[in-house]
A.B. asks: 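Okay, handing you the structure first.
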Amino acid sequence: MGLRFKYNIVLVLACVLGIVAATGMSYWIVQESAVQDVEREINLLRANATAVRSYTLNSIDPLLSDDNDILFLPETITSYAARTVFSIFRQQFPQYSYKEAALNPTNPADLPNELETSLIEQFRADPALDQLSAIVEDNGERFLTVAFPVTINQPGCLRCHGNPEFAPPAMVDLYGSENGFGWELGETVGAQIISAPMSLVDERAQETSIILSSALVAAFIIVLIATNIMLSRIVLRPVARMSQVAEQVSLGDFSIPEYAKPGRDEISSLSKSFNRMRRSLESAMKMIDE
Ligand code: HEC
């Protein structure tokens with residue numbers, strides 16, 4: 001096995017390992033930071049929903065709540081307003097979703113699915129939790145789902161979610177007296193659950209990895225070519241020349257011209273030492289012949 005072959009095998013192996021490790025790591029790092037970007041998007045959506053809720057509570061509800069005893073208008077309900085505004089937003093961004101799920105919801109549309117139920121249960125078990133997230137796959141697409149607990153902090157909520165006997169009768173007429181009641185002060189009854197698509201994030205992570213690995217492969221090819229040229233010029237060719245001369249001299253043929261590699265590196269000094277040795281050998285032979 002030639003020196004060049006051994007050198008190239010080691011170099012290729014080391015570079016392939018390096019490129020695979022660097023690409024894998026960059027994919028992971030980009031994904032991590034991209035998940036944070038999607039989380040920020042979700043926090044913006046939540047802030048918007050909170051703004052819709054407080055607008056409904058402070059500006060709409062006082063105008064219409066008197067009518068609620070006769071004809072219940074769900075438009076005055078914060079949760080209804082947040083959901084309705086979001087459903088309009090979804091017409092442009094169908095991959096995003098917003099839900100105020102409750103274990104015992106007033107509106108059956110707010111019933112939690114399996115994942116949502118488990119998130120709500122986790123909030124109920126640990127009141128210190130203020131956010132939970134999960135990555136969900138749906139039809140081959142990945143979504144980041146972030147949940148925030150909904151806890152009954154104001155006694156006013158119990159007017160409509162406490163005992164159905166004291167709830168606005170028009171509301172009971174509309175929603176029935178079975179669901180969405182019996183909530184208690186301080187209880188975590190549900191969660192605000194927002195999902196955003198991860199497809200952009202995944203694409204970005206892939207693109208970055210492809211760019212990085214191409215750059216590394218290009219750098220590796222340049223290193224491979226440059227070091228092979230150097231190896232040839234500095235080591236392989238001079239050594240081949242010296243070995244050819246040594247071969248002839250060993251057969252007693254001193255007619256072959258001396259070879260001295262120019263420069264001051266180890267191979268140059270070896271070629272000069274070899275020439276001195278050859279001259280000594282030549283004069284020793286001559287002395288014997290005489
Ligand atoms: C005037 C009556 C009323 C009051 C007061 C009220 N809600 Fe509701 N709430 C409703 C109705 C009606 C719905 C169902 C709206 C819909 O159709 O989406 C609802 C829905 C919800 C939902 C979504 C889950 C579900 O039950 O469908 C949550 C969470 C919620 N309310 C929490 C609260 C909290 C917290 C408060 C106090 C800050 C509160 N509500 C005050 C009437 C009320």
Side-chain angles (χ1 to χ4, degrees), residues 42-43 45-91 94 96-134 145-195:
I42 287 181
N43 275 302
L45 290 174
R46 182 184 185 218
N48 187 56
T50 308
V52 170
R53 293 176 68 110
S54 83
Y55 169 73
T56 312
L57 188 68
N58 299 323
S59 308
I60 304 295
D61 187 52
L63 294 177
L64 300 175
S65 56
D66 286 349
D67 302 337
N68 270 353
D69 292 339
I70 314 147
L71 176 69
F72 190 79
L73 295 171
E75 285 78 2
T76 60
I77 305 298
T78 53
S79 147
Y80 179 92
R83 183 157 54 79
T84 311
V85 169
F86 203 90
S87 68
I88 299 169
F89 167 87
R90 271 194 85 178
Q91 290 168 4
Y96 292 78
S97 73
Y98 177 91
K99 183 166 175 184
E100 289 184 21
L103 292 180
N104 170 22
T106 321
N107 185 335
D110 296 325
L111 262 175
N113 64 23
E114 210 175 309
L115 170 74
E116 292 161 353
T117 308
S118 92
L119 294 174
I120 295 172
E121 293 294 359
Q122 286 179 58
F123 286 131
R124 286 168 70 90
D126 182 359
L129 278 180
D130 60 356
Q131 183 173 334
L132 281 171
S133 54
T145 295
V146 183
F148 307 90
V150 173
T151 305
I152 304 300
N153 292 324
Q154 301 162 24
C157 309
L158 299 181
R159 188 162 67 86
C160 300
H161 294 295
N163 187 335
E165 282 172 30
F166 305 118
M171 170 187 155
V172 179
D173 283 348
L174 195 64
Y175 289 91
S177 58
E178 297 295 313
N179 315 310
F181 294 105
W183 298 3
E184 280 168 18
L185 202 60
E187 184 188 0
T188 297
V189 295
Q192 230 177 345
I193 294 166
I194 308 174
S195 288

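Counting convention: from 1, in listed order, for ligands and their atoms alike. None of the values given here were measured: they were computed from a predicted structure.
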A.B. asks: With backbone taken as N, CA, C and O and side chain as the heavy atoms from C-beta onward, which portion of Asn107 lies under 4.0 Å from ligand 1: side chain, backbone, both, or neither?
C.D. replies: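 Under 4.0 Å from ligand 1, Asn107 contributes backbone and side-chain atoms.
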
A.B. asks: Find all atoms of ligand 1 within a distance of less than 4.0 Å from any non-hydrogen atom belonging to Cys160, and give their numbers and elements.
C.D. replies: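 Counting atoms of ligand 1 from 1, those under 4.0 Å from Cys160 are 1 (C), 2 (C), 3 (C), 4 (C), 5 (C), 42 (C), 43 (C).
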
A.B. asks: Do you know which two heavy atoms are closest between Thr56 and Ala81, and how far apart they sit?
C.D. replies: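 Shortest heavy-atom separation between Thr56 and Ala81 comes out as OG1-CB, 3.1 Å.
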
A.B. asks: Can you check whether Thr151 has an N/O within less than 3.5 Å of an N/O in ligand 1?
C.D. replies: no

A.B. asks: Check Arg83 with Glu100, please: is the shortest side-chain N to carboxylate O separation under 4.0 Å?
C.D. replies: no

A.B. asks: State the atoms of ligand 1, each with its element, that fall below the 4.0 Å cut-off from a heavy-atom position in Gly156.
C.D. replies: 5 (C)

A.B. asks: Measure from NZ or CZ of Arg90 to the centre of the six-membered ring of Tyr96 and say whether it is under 6.0 Å with the direction within 45° of the ring axis.
C.D. replies: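 No, a cation-pi geometry is absent between Arg90 and Tyr96.
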
A.B. asks: Taking only heavy atoms of Phe72 into account, list the atoms of ligand 1 that are under 4.0 Å away from them.
C.D. replies: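 Atoms satisfying the 4.0 Å criterion: 12 (C).
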
A.B. asks: Under 4.0 Å from a heavy atom of Arg83: which atoms of ligand 1 are those, numbered in the order shown and with their elements?
C.D. replies: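 With Arg83 as reference, the close atoms of ligand 1 come out as 16 (C), 17 (O), 18 (O).
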
A.B. asks: If I take atom CG from residue Leu57 and atom CD1 from residue Ile77, how far apart are they, to the nearest 0.5 angstrom?
C.D. replies: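 Answer rounded to 0.5 Å: 9.5 Å.
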
A.B. asks: Using the side chain to side chain contact (heavy atoms under 4.5 Å, CB included) criterion, which residues pair with Arg124? Sequence neighbours excluded.
C.D. replies: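 So Arg124 forms a side chain to side chain contact (heavy atoms under 4.5 Å, CB included) with Leu103, Ile120, Glu121, Glu187, Thr188.
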
A.B. asks: Could you see which bit of Thr106 sits under 4.0 Å from ligand 1, with heavy atoms only: side chain, backbone, both or neither?
C.D. replies: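 Within the 4.0 Å criterion, Thr106 contacts ligand 1 through backbone and side-chain atoms alike.
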
A.B. asks: Please list all pairs meeting ring pair (Phe, Tyr, Trp, His ring centres under 6.0 Å) that have one or both residues in residues 158-190, counting only residues at least two apart or in different chains.
C.D. replies: His161-Trp183

A.B. asks: If you measure from CG on Asn153 to CG on Leu185, what distance do you get to the nearest 0.5 Å?
C.D. replies: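 CG of Leu185 is found 7.5 Å from CG of Asn153.
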
A.B. asks: I need the minimum non-hydrogen distance between Ala49 and Gln192, along with the two atoms involved.
C.D. replies: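 Residues Ala49 and Gln192, closest heavy atoms: CB-NE2, 4.2 Å.
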
A.B. asks: Can you confirm, on distance only, whether ligand 1 has an N/O atom lying under 3.5 Å from any N/O atom belonging to Tyr175?
C.D. replies: yes

A.B. asks: Counting heavy atoms only, which part of Phe181 comes closer than 4.0 Å to ligand 1: side chain, backbone, both or neither?
C.D. replies: neither

A.B. asks: Measure the spacing between CD of Glu178 and CG of Asn104 and express it to the nearest 0.5 Å.
C.D. replies: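 Answer for the CD-CG pair, Glu178 versus Asn104, is 9.5 Å.
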
A.B. asks: Near Trp183, which atoms of ligand 1 are under 4.0 Å from a heavy atom of that residue?
C.D. replies: 26 (O), 28 (C), 30 (C), 32 (C)

A.B. asks: List every atom of ligand 1 that sits less than 4.0 Å from any heavy atom of Ser79, numbering the atoms from 1 in the order shown and giving each element.
C.D. replies: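 Reading through ligand 1 atom by atom, the close ones are 20 (C), 21 (C), 22 (C), 23 (C).
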
A.B. asks: Which atoms from ligand 1 have a heavy atom of Ile152 less than 4.0 Å away?
C.D. replies: 35 (C)

A.B. asks: May I ask you to check whether His161 brings an N, O or S atom to under 2.8 Å from atom 8 (Fe) of ligand 1?
C.D. replies: yes

